[in-house]
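Presented below is the structure to which this report refers.
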Amino acid sequence: MVAIDLEALAKKLDTDKHVLFGYLYYHLDHKYRYQSGENSYVHLFTQRAGDLRHAINLPYLAAILAGQDQEHSKFAWSLGVSLVALALSVGAIIAQLVASP
């Protein structure tokens, strides 16, 4: 866990620190936390972790971002292939219209 300065981060992102806290704590942590034991959870973001205040699980965040990047890359490739296929289809239709008497 790594402590983050919510005020500095909110200023850098040009948003309110309360909105940023709510997004991290209520949305992202709820979305990505998982149960690792009977009464044990792995959190993405927590208000307190030992002596740390507003701590984020940096290795877990890096893994989540890597997965998101991989999904984006897959989407971009499939979109690119689809656009090339569409362009070829339109080109074939135009060529057929031009070639017909």
Side-chain angles (χ1 to χ4, degrees):
M1 298 294 254
V2 176
I4 58 173
D5 184 2
L6 280 180
E7 289 186 29
L9 187 58
K11 185 181 278 188
K12 186 169 180 99
L13 295 173
D14 193 31
T15 189
D16 184 58
K17 67 180 180 180
H18 301 297
V19 172
L20 180 61
F21 173 81
Y23 187 69
L24 286 168
Y25 186 71
Y26 294 109
H27 179 70
L28 290 178
D29 184 58
H30 178 72
K31 183 176 180 178
Y32 290 108
R33 76 172 162 230
Y34 63 91
Q35 193 167 4
S36 62
E38 190 171 315
N39 290 322
S40 177
Y41 289 89
V42 174
H43 291 273
L44 176 63
F45 177 79
T46 186
Q47 290 183 19
R48 292 223 176 264
D51 293 339
L52 301 177
R53 184 165 186 252
H54 298 144
I56 195 154
N57 189 337
L58 193 60
Y60 187 36
L61 177 63
I64 291 168
L65 291 175
Q68 293 291 329
D69 187 47
Q70 187 177 22
E71 279 188 43
H72 175 74
S73 182
K74 263 196 284 189
F75 172 75
W77 271 100
S78 63
L79 180 64
V81 169
S82 298
L83 290 175
V84 167
L86 178 64
L88 289 173
S89 298
V90 169
I93 291 171
I94 291 172
Q96 190 175 25
L97 291 174
V98 170
S100 66

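What you see is a predicted model, and the numbers here were worked out from it, not measured in a lab.
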Within one Ile-Leu-Val-Met-Phe-Trp-Tyr cluster: [X] and [Y], side-chain cutoff 4.5 Å:
| X | Y | result |
| --- | --- | --- |
| Val42 | Leu65 | yes |
| Tyr26 | Leu20 | yes |
| Leu13 | Val19 | no |

State whether the number of non-hydrogen atoms from other residues, nucleotides or ligands found under 6.0 Å of Gln35 atom CD is greater than 12.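 More than 12 within 6.0 Å, yes.
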Exceeds 12 heavy-atom contacts within 6.0 angstrom, atom NE2 of His30: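 12 or below, so no.
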Among Asn57, Thr46, Leu44, which residue satisfies the side chain to side chain contact (heavy atoms under 4.5 Å, CB included) criterion with Asp29?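 The single option meeting the side chain to side chain contact (heavy atoms under 4.5 Å, CB included) with Asp29 is Leu44.
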Nearest-0.5 Å distance, [atom1] of residue [X] to [atom2] of residue [Y]:
| X | Y | atom1 | atom2 | result |
| --- | --- | --- | --- | --- |
| His54 | Asp5 | NE2 | CG | 10.0 Å |
| His18 | Glu7 | NE2 | CD | 8.5 Å |
| Arg53 | Ile4 | CZ | CD1 | 11.0 Å |
| His27 | Lys31 | NE2 | NZ | 5.0 Å |

Is the centre of the Tyr34 ring less than 6.0 Å from the centre of the Tyr60 ring?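 Yes - the distance between ring centres of Tyr34 and Tyr60 falls below the 6.0 Å cut-off.
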Over all heavy atoms of both residues, which pair between Met1 and Leu52 is shortest? Give the atoms and the distance, please.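 In terms of heavy atoms, the two residues are closest at O-CD1, 3.5 Å.
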Check whether any side-chain heavy atom of Leu28 sits under 4.5 Å from a side-chain heavy atom of Ile64, and report yes or no.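 SC-SC contact between Leu28 and Ile64 ruled out.
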Under 30°, 30 to 60°, or over 60°: which ring-plane class applies to Tyr41 and His43, parallel, tilted or perpendicular?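 If you compare the ring of Tyr41 with that of His43, the planes turn out tilted.
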Can you tell me how the ring of Phe21 sits relative to the ring of Phe45, calling it parallel under 30°, perpendicular over 60° and tilted otherwise?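 Perpendicular.
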Any ring pair (Phe, Tyr, Trp, His ring centres under 6.0 Å) involving residues 71-101? Give me the pairs, sequence neighbours left out, ordered by first then second residue.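 Ring pair (Phe, Tyr, Trp, His ring centres under 6.0 Å) check on residues 71-101 returns no pairs.
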Examine distances only and state if a side-chain atom of Ser89 and a backbone atom of Ala85 form a donor-acceptor pair shorter than 3.5 Å.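 Such a contact is found between Ser89 side chain and Ala85 backbone.
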